[in-house]
Protein chains: 2
Amino acid sequence: MPPAPEDPPGFELPLLLFAGFRTLIDELHAELARCGHPDARPVHGFAMQAIGPAGATASEVGRRLGVSKQAAGKTVDRLAALGYVERVDDPHDARRKLIRLTPHGLDMLNQSAEIFDRLRARWVERLGAERVASLESSLRTVVPATGFPVDVPGWFG
Amino acid sequence: MPPAPEDPPGFELPLLLFAGFRTLIDELHAELARCGHPDARPVHGFAMQAIGPAGATASEVGRRLGVSKQAAGKTVDRLAALGYVERVDDPHDARRKLIRLTPHGLDMLNQSAEIFDRLRARWVERLGAERVASLESSLRTVVPATGFPVDVPGWFG
DNA sequence: GTAAACTCGTCAACGTGGTTGTCGAAACAG
DNA sequence: CTGTTTCGACAACCACGTTGACGAGTTTAC
(Lines give C-alpha, C1' and ligand atoms only; values in the text may rest on other atoms or scores of the structure.)
Protein backbone atom coordinates (compact mmCIF):
# COMPACT_ATOMS: atom_id res chain seq x y z
CA MET A 1 0.00 0.00 0.00
CA PRO A 2 1.87 3.08 -1.21
CA PRO A 3 1.27 6.21 0.85
CA ALA A 4 -2.28 7.27 0.15
CA PRO A 5 -2.74 11.01 -0.19
CA GLU A 6 -5.06 11.10 2.82
CA ASP A 7 -2.44 9.51 5.08
CA PRO A 8 -0.81 11.89 7.51
CA PRO A 9 2.69 12.89 6.44
CA GLY A 10 5.27 10.48 7.81
CA PHE A 11 7.10 13.08 9.79
CA GLU A 12 4.14 13.55 12.09
CA LEU A 13 4.67 10.16 13.72
CA PRO A 14 8.15 10.86 15.13
CA LEU A 15 7.02 14.33 16.15
CA LEU A 16 4.10 12.92 18.11
CA LEU A 17 6.25 10.26 19.76
CA PHE A 18 8.79 12.87 20.74
CA ALA A 19 6.13 15.28 21.98
CA GLY A 20 4.55 12.52 24.04
CA PHE A 21 7.86 11.50 25.55
CA ARG A 22 8.86 15.04 26.23
CA THR A 23 5.52 15.94 27.76
CA LEU A 24 5.85 13.10 30.23
CA ILE A 25 9.46 13.93 31.06
CA ASP A 26 8.71 17.62 31.49
CA GLU A 27 5.81 16.88 33.80
CA LEU A 28 7.92 14.39 35.73
CA HIS A 29 10.62 16.95 36.36
CA ALA A 30 8.19 19.73 37.18
CA GLU A 31 6.72 17.42 39.81
CA LEU A 32 10.12 16.21 41.03
CA ALA A 33 11.16 19.83 41.51
CA ARG A 34 8.21 20.25 43.87
CA CYS A 35 9.23 17.15 45.84
CA GLY A 36 12.77 18.03 46.85
CA HIS A 37 14.55 17.27 43.58
CA PRO A 38 14.81 20.59 41.75
CA ASP A 39 18.17 19.78 40.14
CA ALA A 40 17.26 16.41 38.67
CA ARG A 41 17.71 16.11 34.91
CA PRO A 42 16.44 13.47 32.53
CA VAL A 43 19.91 12.02 32.14
CA HIS A 44 20.15 11.57 35.89
CA GLY A 45 17.08 9.37 35.95
CA PHE A 46 18.42 7.17 33.18
CA ALA A 47 21.80 6.88 34.87
CA MET A 48 20.37 6.08 38.30
CA GLN A 49 18.09 3.50 36.76
CA ALA A 50 21.22 1.96 35.25
CA ILE A 51 22.97 2.00 38.62
CA GLY A 52 20.04 0.34 40.34
CA PRO A 53 19.50 -0.33 44.04
CA ALA A 54 22.32 -2.90 44.02
CA GLY A 55 24.90 -0.41 42.79
CA ALA A 56 27.26 -0.69 39.85
CA THR A 57 30.61 0.55 38.57
CA ALA A 58 31.01 3.42 36.15
CA SER A 59 32.02 1.02 33.38
CA GLU A 60 28.90 -1.06 33.91
CA VAL A 61 26.72 2.04 33.84
CA GLY A 62 28.34 3.05 30.59
CA ARG A 63 27.67 -0.34 29.03
CA ARG A 64 24.06 -0.40 30.21
CA LEU A 65 23.46 3.10 28.84
CA GLY A 66 25.37 2.51 25.62
CA VAL A 67 27.88 5.28 26.28
CA SER A 68 31.60 5.30 26.99
CA LYS A 69 32.84 4.64 30.50
CA GLN A 70 34.27 8.16 30.55
CA ALA A 71 30.90 9.72 29.83
CA ALA A 72 29.31 7.53 32.49
CA GLY A 73 32.05 8.57 34.92
CA LYS A 74 31.35 12.24 34.33
CA THR A 75 27.62 11.75 34.83
CA VAL A 76 28.36 9.92 38.08
CA ASP A 77 30.51 12.88 39.13
CA ARG A 78 27.53 15.21 38.71
CA LEU A 79 25.22 12.75 40.45
CA ALA A 80 27.66 12.58 43.36
CA ALA A 81 27.94 16.36 43.53
CA LEU A 82 24.14 16.51 43.84
CA GLY A 83 24.17 13.91 46.58
CA TYR A 84 22.34 11.24 44.61
CA VAL A 85 25.11 8.65 44.66
CA GLU A 86 28.34 7.89 46.48
CA ARG A 87 31.43 5.98 45.45
CA VAL A 88 32.77 3.28 47.74
CA ASP A 89 35.90 1.21 47.26
CA ASP A 90 35.37 -2.42 46.37
CA PRO A 91 37.28 -4.51 48.93
CA HIS A 92 37.54 -7.42 46.49
CA ASP A 93 38.97 -5.41 43.58
CA ALA A 94 41.08 -2.35 44.23
CA ARG A 95 40.44 -1.03 40.72
CA ARG A 96 36.68 -0.92 41.04
CA LYS A 97 34.69 1.79 42.76
CA LEU A 98 31.13 0.77 43.54
CA ILE A 99 28.56 3.49 42.89
CA ARG A 100 25.65 3.27 45.30
CA LEU A 101 22.47 5.28 45.51
CA THR A 102 22.23 7.43 48.61
CA PRO A 103 18.89 7.64 50.46
CA HIS A 104 18.32 10.89 48.55
CA GLY A 105 18.91 9.08 45.27
CA LEU A 106 16.67 6.19 46.23
CA ASP A 107 14.00 8.71 47.14
CA MET A 108 14.21 10.26 43.70
CA LEU A 109 13.86 6.88 42.03
CA ASN A 110 10.82 6.03 44.16
CA GLN A 111 9.19 9.39 43.59
CA SER A 112 9.80 9.10 39.85
CA ALA A 113 8.07 5.73 39.78
CA GLU A 114 5.06 7.13 41.62
CA ILE A 115 4.87 10.21 39.42
CA PHE A 116 5.09 8.14 36.23
CA ASP A 117 2.25 5.97 37.51
CA ARG A 118 0.14 9.05 38.15
CA LEU A 119 0.96 10.46 34.71
CA ARG A 120 0.00 7.21 33.05
CA ALA A 121 -3.24 7.27 35.04
CA ARG A 122 -3.94 10.71 33.62
CA TRP A 123 -3.51 9.36 30.09
CA VAL A 124 -5.92 6.59 31.00
CA GLU A 125 -8.42 9.21 32.16
CA ARG A 126 -8.23 10.99 28.83
CA LEU A 127 -7.91 8.02 26.48
CA GLY A 128 -9.30 5.07 28.35
CA ALA A 129 -7.33 2.08 29.58
CA GLU A 130 -7.71 0.24 26.32
CA ARG A 131 -6.20 2.90 24.09
CA VAL A 132 -3.23 3.40 26.42
CA ALA A 133 -2.63 -0.34 26.59
CA SER A 134 -2.96 -0.54 22.82
CA LEU A 135 -0.48 2.29 22.37
CA GLU A 136 2.04 0.52 24.60
CA SER A 137 1.53 -2.80 22.89
CA SER A 138 1.90 -1.25 19.44
CA LEU A 139 5.14 0.38 20.42
CA ARG A 140 6.44 -2.82 21.99
CA THR A 141 5.85 -4.48 18.64
CA VAL A 142 7.74 -2.00 16.52
CA VAL A 143 10.67 -1.05 18.75
CA PRO A 144 13.61 -3.43 18.67
CA ALA A 145 13.48 -5.71 21.68
CA THR A 146 16.81 -4.51 23.06
CA GLY A 147 17.06 -2.80 26.43
CA PHE A 148 17.01 0.94 26.12
CA PRO A 149 20.36 1.58 24.47
CA VAL A 150 19.69 1.63 20.73
CA ASP A 151 23.32 2.48 20.01
CA VAL A 152 23.72 5.51 17.86
CA PRO A 153 26.46 7.48 19.59
CA GLY A 154 25.61 11.11 19.95
CA TRP A 155 22.23 10.79 18.30
CA PHE A 156 21.05 13.92 20.04
CA GLY A 157 24.19 15.65 21.07
CA MET B 1 -8.86 3.86 39.06
CA PRO B 2 -5.71 3.69 41.19
CA PRO B 3 -2.83 1.84 39.53
CA ALA B 4 -3.87 -1.79 39.45
CA PRO B 5 -1.05 -4.23 40.17
CA GLU B 6 -1.35 -5.76 36.70
CA ASP B 7 -0.81 -2.38 35.00
CA PRO B 8 2.58 -1.93 33.43
CA PRO B 9 4.83 0.31 35.49
CA GLY B 10 4.40 3.95 34.49
CA PHE B 11 7.99 4.38 33.42
CA GLU B 12 7.51 1.97 30.55
CA LEU B 13 5.34 4.45 28.65
CA PRO B 14 8.00 7.17 28.27
CA LEU B 15 10.60 4.53 27.50
CA LEU B 16 8.48 3.12 24.70
CA LEU B 17 7.73 6.57 23.28
CA PHE B 18 11.40 7.43 23.35
CA ALA B 19 12.42 4.11 21.84
CA GLY B 20 9.86 4.55 19.08
CA PHE B 21 11.01 8.06 18.32
CA ARG B 22 14.63 7.12 18.42
CA THR B 23 14.13 4.06 16.25
CA LEU B 24 12.54 6.20 13.56
CA ILE B 25 15.20 8.89 13.81
CA ASP B 26 18.04 6.36 13.72
CA GLU B 27 16.58 4.67 10.66
CA LEU B 28 16.01 8.02 9.00
CA HIS B 29 19.63 9.01 9.45
CA ALA B 30 20.97 5.62 8.45
CA GLU B 31 18.99 6.00 5.22
CA LEU B 32 19.95 9.66 4.74
CA ALA B 33 23.59 8.68 5.08
CA ARG B 34 23.12 6.32 2.12
CA CYS B 35 21.51 9.10 0.06
CA GLY B 36 24.21 11.75 0.12
CA HIS B 37 23.62 13.16 3.59
CA PRO B 38 26.07 11.37 5.87
CA ASP B 39 26.61 14.36 8.15
CA ALA B 40 22.98 15.19 8.87
CA ARG B 41 21.99 15.17 12.53
CA PRO B 42 18.56 15.18 14.12
CA VAL B 43 18.96 18.78 15.17
CA HIS B 44 19.64 19.77 11.57
CA GLY B 45 16.33 18.36 10.42
CA PHE B 46 14.44 20.24 13.09
CA ALA B 47 16.24 23.46 12.29
CA MET B 48 15.74 23.18 8.53
CA GLN B 49 12.08 22.42 9.07
CA ALA B 50 11.93 25.62 11.10
CA ILE B 51 13.65 27.55 8.32
CA GLY B 52 11.26 26.22 5.72
CA PRO B 53 11.35 26.66 1.92
CA ALA B 54 10.57 30.37 2.31
CA GLY B 55 13.60 31.06 4.47
CA ALA B 56 13.76 32.72 7.87
CA THR B 57 16.08 34.70 10.09
CA ALA B 58 18.09 33.18 12.92
CA SER B 59 15.88 34.88 15.50
CA GLU B 60 12.76 33.42 13.91
CA VAL B 61 14.30 29.98 13.85
CA GLY B 62 15.13 30.33 17.53
CA ARG B 63 11.57 31.31 18.38
CA ARG B 64 10.08 28.48 16.34
CA LEU B 65 12.39 25.97 17.97
CA GLY B 66 12.02 27.40 21.45
CA VAL B 67 15.72 28.15 21.86
CA SER B 68 17.70 31.37 22.10
CA LYS B 69 18.61 33.26 18.97
CA GLN B 70 22.26 32.63 19.78
CA ALA B 71 21.76 28.87 19.82
CA ALA B 72 19.83 29.08 16.56
CA GLY B 73 22.62 31.17 15.07
CA LYS B 74 25.21 28.56 15.97
CA THR B 75 23.12 25.77 14.48
CA VAL B 76 22.78 27.82 11.29
CA ASP B 77 26.56 28.20 11.24
CA ARG B 78 26.96 24.42 11.23
CA LEU B 79 24.23 24.04 8.63
CA ALA B 80 25.98 26.59 6.43
CA ALA B 81 29.35 24.85 6.90
CA LEU B 82 27.70 21.64 5.64
CA GLY B 83 26.23 23.43 2.65
CA TYR B 84 22.60 23.01 3.70
CA VAL B 85 21.78 26.72 3.99
CA GLU B 86 23.15 30.09 2.97
CA ARG B 87 22.77 33.54 4.48
CA VAL B 88 21.73 36.40 2.26
CA ASP B 89 21.35 40.03 3.23
CA ASP B 90 17.82 41.36 3.44
CA PRO B 91 17.62 44.44 1.17
CA HIS B 92 14.68 45.82 3.16
CA ASP B 93 16.30 45.57 6.59
CA ALA B 94 20.05 45.82 6.98
CA ARG B 95 19.95 44.07 10.36
CA ARG B 96 18.35 40.89 9.08
CA LYS B 97 20.12 38.07 7.31
CA LEU B 98 17.77 35.73 5.52
CA ILE B 99 18.65 32.07 5.86
CA ARG B 100 17.68 30.10 2.78
CA LEU B 101 17.89 26.40 2.05
CA THR B 102 20.35 25.52 -0.67
CA PRO B 103 19.38 22.88 -3.27
CA HIS B 104 21.35 20.43 -1.14
CA GLY B 105 19.30 21.40 1.90
CA LEU B 106 16.05 21.18 0.01
CA ASP B 107 17.09 17.73 -1.18
CA MET B 108 17.63 16.61 2.38
CA LEU B 109 14.22 17.85 3.42
CA ASN B 110 12.56 16.08 0.50
CA GLN B 111 14.44 12.87 1.10
CA SER B 112 13.55 12.99 4.78
CA ALA B 113 9.87 13.32 3.94
CA GLU B 114 10.04 10.32 1.61
CA ILE B 115 11.96 8.23 4.11
CA PHE B 116 9.54 9.06 6.91
CA ASP B 117 6.67 8.03 4.66
CA ARG B 118 8.37 4.71 3.97
CA LEU B 119 9.09 4.16 7.66
CA ARG B 120 5.47 4.85 8.54
CA ALA B 121 4.43 2.40 5.84
CA ARG B 122 6.61 -0.23 7.51
CA TRP B 123 4.79 0.36 10.80
CA VAL B 124 1.54 -0.05 8.92
CA GLU B 125 2.79 -3.37 7.54
CA ARG B 126 3.54 -4.63 11.04
CA LEU B 127 0.61 -3.12 12.95
CA GLY B 128 -2.05 -2.43 10.39
CA ALA B 129 -3.25 0.96 9.28
CA GLU B 130 -5.82 1.18 12.05
CA ARG B 131 -3.42 0.70 14.93
CA VAL B 132 -0.97 3.24 13.53
CA ALA B 133 -3.75 5.77 12.99
CA SER B 134 -5.04 5.06 16.49
CA LEU B 135 -1.57 5.56 17.94
CA GLU B 136 -1.26 8.92 16.20
CA SER B 137 -4.70 10.03 17.23
CA SER B 138 -4.12 9.01 20.85
CA LEU B 139 -0.91 11.00 20.97
CA ARG B 140 -2.55 13.99 19.35
CA THR B 141 -5.08 14.09 22.16
CA VAL B 142 -2.60 13.88 25.02
CA VAL B 143 0.19 16.14 23.80
CA PRO B 144 -0.39 19.84 24.29
CA ALA B 145 -1.59 21.38 21.06
CA THR B 146 1.42 23.69 20.78
CA GLY B 147 3.80 23.46 17.86
CA PHE B 148 6.79 21.34 18.70
CA PRO B 149 8.51 23.56 21.24
CA VAL B 150 7.28 22.47 24.67
CA ASP B 151 9.56 24.98 26.37
CA VAL B 152 11.73 23.44 28.98
CA PRO B 153 15.12 24.95 28.30
CA GLY B 154 17.85 22.38 28.25
CA TRP B 155 15.51 19.47 28.90
CA PHE B 156 18.04 17.06 27.46
CA GLY B 157 21.28 19.00 27.55
C1' DG C 1 13.06 65.46 13.40
C1' DT C 2 15.04 63.73 17.08
C1' DA C 3 15.28 60.72 21.23
C1' DA C 4 14.01 56.52 23.19
C1' DA C 5 12.99 51.80 22.64
C1' DC C 6 13.22 47.73 20.42
C1' DT C 7 15.29 44.07 17.23
C1' DC C 8 19.02 41.76 14.64
C1' DG C 9 23.20 39.43 14.55
C1' DT C 10 27.38 38.53 16.82
C1' DC C 11 31.01 37.83 20.43
C1' DA C 12 32.40 35.85 24.81
C1' DA C 13 32.11 32.83 28.73
C1' DC C 14 30.24 28.96 30.52
C1' DG C 15 27.60 24.33 31.56
C1' DT C 16 26.37 19.70 30.21
C1' DG C 17 26.61 15.49 27.82
C1' DG C 18 29.05 13.18 24.62
C1' DT C 19 33.58 11.44 21.99
C1' DT C 20 38.66 9.58 21.46
C1' DG C 21 43.20 8.64 23.21
C1' DT C 22 46.37 7.76 26.96
C1' DC C 23 47.87 6.16 31.28
C1' DG C 24 49.06 3.68 35.84
C1' DA C 25 47.41 0.36 38.81
C1' DA C 26 45.24 -3.87 39.67
C1' DA C 27 43.50 -8.44 38.26
C1' DC C 28 43.80 -12.36 35.49
C1' DA C 29 45.49 -16.08 31.99
C1' DG C 30 49.20 -18.51 30.23
C1' DC D 1 56.65 -14.55 35.97
C1' DT D 2 54.85 -12.40 31.93
C1' DG D 3 51.54 -10.74 28.98
C1' DT D 4 46.65 -9.14 28.41
C1' DT D 5 42.62 -7.13 30.06
C1' DT D 6 39.99 -4.12 32.89
C1' DC D 7 39.22 -0.21 35.98
C1' DG D 8 39.14 4.66 36.82
C1' DA D 9 41.05 8.90 35.75
C1' DC D 10 43.07 12.72 32.89
C1' DA D 11 43.19 15.66 28.72
C1' DA D 12 41.55 17.52 24.55
C1' DC D 13 37.90 18.11 21.78
C1' DC D 14 32.96 18.67 19.72
C1' DA D 15 27.84 19.67 19.67
C1' DC D 16 24.25 22.11 21.65
C1' DG D 17 22.41 24.87 24.90
C1' DT D 18 22.49 28.99 28.24
C1' DT D 19 23.34 34.44 29.82
C1' DG D 20 25.07 38.77 29.19
C1' DA D 21 26.79 42.41 26.45
C1' DC D 22 27.18 45.26 22.42
C1' DG D 23 27.02 47.95 17.86
C1' DA D 24 24.24 48.80 14.20
C1' DG D 25 19.74 49.42 12.13
C1' DT D 26 14.65 50.16 12.53
C1' DT D 27 10.45 51.79 14.86
C1' DT D 28 7.85 54.38 17.83
C1' DA D 29 6.70 58.43 20.51
C1' DC D 30 6.87 62.95 21.35
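Computed from heavy atoms alone, side chains included, the values below leave out hydrogens, waters and symmetry copies. Residue numbers begin at 1 in each chain, while the letters A, B, ... track the order of the sequences. Remember, it's a predicted structure, so these values are computed and weren't measured experimentally.
Side-chain atoms of B:R95 come within donor-acceptor range of the base of C:dT7, with a qualifying N/O pair under 3.5 Å.
At a threshold of 4.0 angstrom between heavy atoms, the contacts of B:A71 include nucleobase atoms, whether or not backbone atoms are also involved. Nucleic acid contact class of B:A94 (heavy atoms, under 4.0 Å, all strands): sugar-phosphate only. Residue A:S59 is classed as a sugar-phosphate contact, given heavy-atom separations below 4.0 Å to backbone atoms only.
A:R96 pairs with exactly one of A:V88, A:D89, A:D90 by the side chain to side chain contact (heavy atoms under 4.5 Å, CB included) rule, that one being A:D90.
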Next on the checklist: Assess the residue pair B:L135 and A:L13 against the criterion (side chain to side chain contact (heavy atoms under 4.5 Å, CB included)); give the C-alpha distance rounded to whole Å, side-chain angles, the decisive distance to 0.1 Å, and a yes or no.
Outcome noted: CA-CA 9 Å; B:L135 193 154; A:L13 185 51; 4.0 Å; yes
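OP1 or OP2 of C:dT10 has at least one side-chain nitrogen or oxygen of B:R87 nearer than 4.0 Å. In terms of phosphate contacts, A:S68 brings a side-chain nitrogen or oxygen within less than 4.0 Å of OP1 or OP2 of C:dT19. Applying the 4.0 Å criterion to OP1 and OP2 of C:dC8, one finds that B:R63 has a side-chain N or O inside that range. OP1 and OP2 of D:dG17 both lie 4.0 Å or more from every side-chain N or O belonging to B:R78. Neither OP1 nor OP2 of C:dA25 sits under 4.0 Å from any side-chain N or O of A:R96. Residue A:T75 places at least one side-chain N or O closer than 4.0 Å to OP1 or OP2 of C:dG18.
B:S112 and B:L28 get closest at one heavy-atom pair: CA-CD1, 3.9 Å. When all heavy atoms of A:A72 and A:A58 are compared, the closest pair comes out as CB-O, 3.4 Å.
Atom CG of B:D90 and atom C1' of C:dC8 are 11 Å apart (whole Å). Atom NE2 in B:H92 sits roughly 17 Å away from atom P in D:dG25 (whole-Å rounding). Atom CG in B:L98 sits about 19 Å away from atom P in C:dT7, given to the nearest Å. B:K97 has its NZ atom 13 Å from the C1' atom of D:dG23, to the nearest Å. Summarising the geometry, the separation between NE2 on A:H44 and C1' on C:dG18 is reported as 14 Å, rounded to the nearest angstrom. If you measure from atom CG of B:D89 to atom P of C:dC8, you get 15 Å, rounded to the nearest angstrom.
When the nucleotides C:dG17, C:dA27, D:dC10 are ranked by their closest atom to the side chain of A:Q70, D:dC10 comes out on top. When distances run from any side-chain atom of A:D93 to the nucleotides C:dG18, D:dA21, C:dA27, the shortest one goes to C:dA27. You'll find that the side chain of B:K69 is closest to C:dC8, out of C:dT19, C:dA26, C:dC8.
Place A:K74 and A:D77 on DNA chain D by their nearest nucleotides, and A:D77 ends up nearer the 5' end.
Rounding to the nearest 0.5 angstrom, the gap separating the CZ atom in A:F21 from the CZ atom in B:F18 is 5.0 Å.
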